[in-house]
Amino acid sequence: LIKFGASGRTSVTLELDRGTRRVATDNDGNYGFHDVSIGEHNVALEASSVRADLTLLDSRVRCVPVRARERTWVDHRAGRNRTVRGQVFVDENGNGELDPIEATPAAVRILTGGRLDTVTDARGRFVLGDLPPGLRVLAIDLSSIPGQCAPPASIEILVPSDRDPAPIPWP
């Protein structure tokens, strides 16, 4: 018996040894290939069957050793994509906090290194949806900065798999 690590995800399709056999998960994420010969086998998730709001945390293809009279377990871990919120501001006094007199520039472009780029609103706030879990680097498109502002060119954030991260102040 083998399990897909995001329970309640129905219809995730898996294949054994490049499609020689295919199965779908049940409502608890379980699936199984029965009567598998002894030796090493590849179990692959069909990427198009995984919900769009999930990201696989391990390789899509896993090598599974099968031994005589033993049940082999493989857990394909998945994490829900998360929403990252933040605010860009001009830190005039260098205290790392947004003070009432400090500017919050609009239309500053936030780059993710992919298709999820966004821009700040009128109060310097931004939202990035569908960000996969893991260590991510966010960058500011310096050509979108008004005037003489000089923010950090990039910041690293850890996007957890179990919750959205806390809002990011970006002085």
Side-chain angles (χ1 to χ4, degrees), residues 1-19 22-33 40-65 72-89 96 98 104-145 151-171:
L1 186 67
I2 307 173
K3 182 168 181 142
F4 177 64
S7 63
R9 313 297 182 238
T10 57
S11 300
V12 174
T13 304
L14 297 108
E15 62 182 28
L16 182 68
D17 295 329
R18 298 183 185 209
R22 297 167 61 89
V23 296
T25 60
D26 65 16
N27 289 337
D28 293 324
N30 296 312
Y31 66 97
F33 293 103
E40 290 190 347
H41 297 273
N42 287 320
V43 175
L45 280 163
E46 187 175 285
S48 63
S49 71
V50 178
R51 284 183 14 189
D53 66 335
L54 296 176
T55 296
L56 296 176
L57 301 176
D58 300 312
S59 173
R60 188 182 72 75
V61 179
R62 307 282 299 277
C63 183
V64 181
T72 302
W73 298 88
V74 176
D75 189 10
H76 296 267
R77 298 179 313 133
R80 186 178 305 278
N81 294 338
R82 296 294 169 189
T83 299
V84 174
R85 299 174 191 282
Q87 187 170 30
V88 175
F89 60 95
L98 175 60
T104 53
V108 173
R109 188 163 178 229
I110 308 297
L111 309 172
T112 63
R115 60 175 173 72
L116 302 174
D117 299 347
T118 191
V119 294
T120 59
D121 67 10
R123 293 193 215 160
R125 297 175 301 191
F126 64 90
V127 177
L128 293 164
D130 267 354
L131 217 56
L135 189 61
R136 303 284 167 232
V137 176
L138 304 182
I140 289 180
D141 178 354
L142 297 178
S143 69
S144 69
I145 302 277
S154 65
I155 58 172
E156 285 187 345
I157 62 165
L158 179 61
V159 179
S161 61
D162 61 343
R163 62 181 161 42
D164 289 342
I168 302 164
W170 199 339

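Counting from 1, the numbers follow the sequence of the chain as shown.
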Can you find a pair of side-chain heavy atoms, one from L14 and one from T25, that are under 4.5 Å apart?
yes
Compare all side-chain heavy atoms of R136 with those of T112 and state whether any distance is below 4.5 angstrom.
no
Donor-acceptor contact present, side-chain R62 to main-chain D58, <3.5 Å:
no
Take V119 and V108, measure what side chain to side chain contact (heavy atoms under 4.5 Å, CB included) needs, and give me the verdict at the end.
CA-CA 5 Å; V119 294; V108 173; over 6 Å; no
If you apply the rule side chain to side chain contact (heavy atoms under 4.5 Å, CB included), what do you find for I110 with D117, and how did you get there?
CA-CA 6 Å; I110 308 297; D117 299 347; over 6 Å; no
Report yes or no: does T13 contribute a side-chain atom to a donor-acceptor pair with the main-chain N or O of A24 at less than 3.5 Å?
no
For G79 and S161, the nearest pair of non-hydrogen atoms, with its separation, is CA-CB, 4.2 Å
Begin with the C-alpha distance, continue with both residues' side-chain angles, and end with the deciding distance and a verdict on side chain to side chain contact (heavy atoms under 4.5 Å, CB included) for L56 and L45.
CA-CA 9 Å; L56 296 176; L45 280 163; 3.4 Å; yes
Before giving the answer on salt bridge (Lys or Arg N to Asp or Glu O under 4.0 Å), spell out for R22 and E46 the whole-Å C-alpha distance, their side-chain angles and the decisive distance to 0.1 Å.
CA-CA 10 Å; R22 297 167 61 89; E46 187 175 285; 2.4 Å; yes
Without swapping roles, check the side chain of T120 against the backbone of A107 for a donor-acceptor pair under 3.5 Å.
yes
When you measure from the side chain of S154 to the backbone of A139, do you find a donor-acceptor pair of N or O atoms at a distance under 3.5 Å?
no
Using side chain to side chain contact (heavy atoms under 4.5 Å, CB included), reason through V84 and V159 one step at a time and then give a plain yes or no.
CA-CA 8 Å; V84 174; V159 179; 4.1 Å; yes
Just by distance, do the side chain of R123 and the backbone of A106 share a donor-acceptor pair under 3.5 Å?
no
Is there side-chain contact between I155 and V137, with heavy atoms separated by less than 4.5 Å?
no
Is the shortest heavy-atom distance from the side chain of L98 to the side chain of T104 under 4.5 Å?
yes
Quick one: pull up CD in Q87 and CD1 in I168 and give me the separation to the nearest 0.5 Å.
12.0 Å
Can you tell me how far the CD1 atom of I145 sits from the CZ atom of R109, to the nearest 0.5 Å?
12.5 Å
Angle class for the Y31/H76 ring planes (parallel below 30°, perpendicular above 60°, tilted otherwise)?
tilted
Non-hydrogen atoms of P160 and R82 that approach each other most closely
O-CG, 3.3 Å
Working to the nearest 0.5 angstrom, can you tell me the gap between R125 CZ and T118 OG1?
12.0 Å
Does a side-chain heavy-atom distance below 4.5 Å link L158 with P165?
no
Should L138 and I157 count as side-chain neighbours, where that means a heavy-atom distance under 4.5 Å?
yes
Rounded to the nearest 0.5 Å, the CZ atom of R85 sits from the CG atom of D164 at a distance of 7.0 Å
Any side-chain heavy-atom pair of L116 and L131 under 4.5 Å
yes
State whether the side chain of N81 and the backbone N or O of G129 hold a donor-acceptor pair below 3.5 Å, judged by distance alone.
no
Taking only residues two or more places apart in sequence or in another chain, which ones pass salt bridge (charged side-chain N to carboxylate O under 4.0 Å, His left out) with D130?
none
Beyond-backbone contact of D121 with F126, side-chain heavy atoms, under 4.5 angstrom
no
